[in-house]
Amino acid sequence: MYFPVVLLIPKGELRDLEPPERARAARIAVEHADGVPVIVGIGALRTRHVLEAAEDVQSAGAAGVLLAPVSYHPLTDDEVFGLFEDVAAGLSVPLVVYDNPRTTRFTFTDELYARLGRLPNVVSIKIPGVPAAPAAARARGGPRPRRPAPASSTCGTCCPPR
């Protein structure tokens, strides 16, 4: 069993690269992944730039895309849904919703998870880690979401919280 390669995440190198550099990084990762699926982050401030990045990484052969809402101002659920709706409509690869409130300053609601889970190509939601301490986990509200998304999608975390 293997795990996909994930690169250009929104809280890391994604924000430091220009579009041609991002496309090149995706191509190089796919070329050297030896058949392991590559998932590439495509976040940007403007929807047009997100759509362009989606085209670039699909052309590079990415197996999927990872998207977090990026903005300098607070976003509403409807604005975030609109971004994912626009991106999902133009994808030929799976889309992973990246919920990272520490980086994006946006908190997904269970209702938004449910709406996003019904979009075409949305296959997974990467949620923030649940604290290991039981009291802290309870204070956070328990593991979310409580299955508001369709059974065909997945939800999980890949890293414990800091």
With a 4.5 Å heavy-atom cut-off, do E52 and H49 have their side chains touching? yes

For a 4.5 angstrom cut-off between non-hydrogen side-chain atoms, does I125 reach F108? no

Compare every heavy atom of [Y] with every heavy atom of [X], then report the nearest pair and how far apart it is.
X: A26; Y: V57; answer: CB-CG1, 3.9 Å
X: L75; Y: P69; answer: CD1-CB, 3.9 Å
X: T107; Y: P101; answer: OG1-CB, 4.1 Å
X: P19; Y: D56; answer: O-OD2, 4.3 Å
X: V122; Y: V97; answer: CG1-CG2, 3.9 Å
X: A68; Y: Y98; answer: CB-O, 3.4 Å

[atom1]/[X] to [atom2]/[Y] distance, rounded to the nearest 0.5 angstrom?
X: R24; Y: E18; atom1: CZ; atom2: CD; answer: 14.5 Å
X: D99; Y: L67; atom1: CG; atom2: CG; answer: 12.0 Å
X: D77; Y: E111; atom1: CG; atom2: CD; answer: 8.0 Å

Before giving the answer on side-chain contact (heavy atoms from CB on, under 4.5 Å), spell out for R115 and D78 the whole-Å C-alpha distance, their side-chain angles and the decisive distance to 0.1 Å. CA-CA 10 Å; R115 290 174 67 195; D78 286 339; 3.0 Å; yes

Is it true that L17 and V30 fall in one hydrophobic cluster, defined by side-chain heavy atoms closer than 4.5 Å?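 Yes, because L17 and V30 connect within a single hydrophobic cluster, where side-chain heavy atoms sit under 4.5 Å apart.
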
Do you reckon V6 sits in the same ILVMFWY cluster as I28, going by side-chain contacts under 4.5 Å, direct or chained? no

Please set out all donor-acceptor pairs under 3.5 angstrom arising from side-chain atoms of residues 79-88, sequence neighbours excluded.
residue	atom	partner	partner atom	Å
E79	OE1	T76	N	2.8
E79	OE1	T76	OG1	3.4

Not counting sequence neighbours, which residues clear side chain to side chain donor-acceptor pair (under 3.5 Å) with H32? List them please. none

